[in-house]
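In what follows, a structure is listed as structure tokens, so that the remarks can point back to it.
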Amino acid sequence: MPPIVLCSACDVVQKKAALRRRERAHCVRCGAELYRAGPVSIDVPIALALTALVLLALTDSFPLVTLKLNGTSRTATLVDAALGLYQQGYAPMALLVAVTTMIVPGLEIGLLLYLLVPLRLGHRPAGFARLFRILGAIRPWGMVEVFMLGTLVALVKLSALAEIVTSTALWSCALLMFNLSALTTLTSTEQFWTWAQGADVR
Ligand SMILES: [Zn+2]
């Protein structure tokens, strides 16, 4: 029986065709992307996850912006922003900022490295299937891009009132957003199982 693939968007079953380099297969009915020419080297997502770790550390520890108004200046980090919301009585909002921009991206990167590095070395890590399911469940809660968009809108509005100097964390946050998107694309369920089967055979 030829290998088949199920469209995740419309459930139509299709025969899997061999692709040339850089080609992508799309669903015949709805046009959704089914799979890409592979296999992707496992070194690529590991390198991206390590880069994401550095970017997340920079985003969480350096100032996002400096506001200058009437001769005084105020610098804020991401942690300051969450703490500020908490101190002003917006505890649920502070929790949401901390979870979606710090805790979930940190967990996601940690889980990816825990799963990918042993596979690269030729064996499945303990709890592989369960941790992969947890990774899939927490991913939608990482919202660095939403935070970035909200921050940019706020900065444009504030620029009419005060001088705004963007700092290290804002740039690292922007890079982290692209990095996490690339990681999500490269570590699809199908791709993960291809690597896991390769590790079992070795
Ligand atoms: Zn489809």
Side-chain angles (χ1 to χ4, degrees), residues 1-53 55-56 96 99-120 122-153 173-202:
M1 196 173 119
I4 55 165
V5 60
L6 193 71
C7 173
S8 58
C10 74
D11 286 345
V12 74
V13 178
Q14 289 151 88
K15 253 192 276 180
K16 206 172 168 182
L19 298 180
R20 285 198 296 271
R21 205 164 165 259
R22 292 181 184 277
E23 273 187 340
R24 297 171 185 194
H26 292 268
C27 172
V28 287
R29 185 157 73 183
C30 72
E33 186 177 313
L34 295 173
Y35 56 93
R36 296 176 180 207
V40 177
S41 167
I42 196 168
D43 294 341
V44 179
I46 291 176
L48 279 174
L50 288 172
T51 313
L53 203 61
L55 290 173
L56 186 69
L96 209 61
V99 167
T100 57
T101 61
M102 291 180 266
I103 298 169
V104 168
L107 269 177
E108 183 183 343
I109 298 164
L111 274 175
L112 273 171
L113 285 172
Y114 175 81
L115 295 170
L116 289 170
V117 173
L119 288 181
R120 172 71 177 81
H123 63 91
R124 281 194 208 188
F128 177 80
R130 181 182 298 175
L131 289 171
F132 185 68
R133 275 196 291 274
I134 292 174
L135 177 68
I138 63 164
R139 265 182 166 164
W141 288 95
M143 297 182 198
V144 174
E145 63 283 3
V146 178
F147 173 78
M148 197 66 210
L149 189 67
T151 307
L152 288 179
V153 171
C173 188
L175 290 174
L176 181 66
M177 180 179 77
F178 290 114
N179 187 310
L180 289 177
S181 302
L183 266 174
T184 306
T185 310
L186 287 175
T187 54
S188 63
T189 309
E190 191 189 10
Q191 185 61 66
F192 241 102
W193 285 106
T194 310
W195 290 324
Q197 280 164 356
D200 289 343
V201 174
R202 254 179 275 173

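In each ligand, atom 1 is the first atom listed, and ligand 1 is the first ligand listed. The first residue of the sequence shown is numbered 1, and numbering continues consecutively from there.
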Notebook entry, point to check: Rounded to the nearest 0.5 Å, how far does CH2 of Trp195 lie from CZ of Arg124?
Noted result: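 Answer for the CZ-CH2 pair, Arg124 versus Trp195, is 14.0 Å.
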
Next item on the list: Would you give the length of the straight line joining atom CG of Leu135 to atom CD1 of Ile109, rounded to the nearest 0.5 angstrom?
Entry: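 It is 11.0 Å, given to the nearest 0.5 Å.
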
Check: Can you count the protein N, O or S atoms that lie less than 2.8 Å from the Zn ion (ligand 1)?
Finding: 4

Margin query: Does Asp43 form a side chain to side chain contact (heavy atoms under 4.5 Å, CB included) with Arg120? I'd like the steps, not just the answer.
Written below: CA-CA 8 Å; Asp43 294 341; Arg120 172 71 177 81; 2.3 Å; yes

Next item on the list: Would you check if the side chain of Glu108 reaches a backbone N or O of Gly142 as a donor-acceptor pair within less than 3.5 Å?
Entry: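 No, because the side chain of Glu108 does not come within donor-acceptor range (under 3.5 Å) of the backbone of Gly142.
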
Next item on the list: Check Ala47 against Thr51 and note the closest heavy-atom contact, atom names and distance.
Entry: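 Taking every non-hydrogen atom into account, O-OG1, 2.7 Å.
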
Check: What is the ring orientation for Phe192 with Phe128, classed by angle as parallel under 30°, tilted 30 to 60°, or perpendicular over 60°?
Finding: tilted

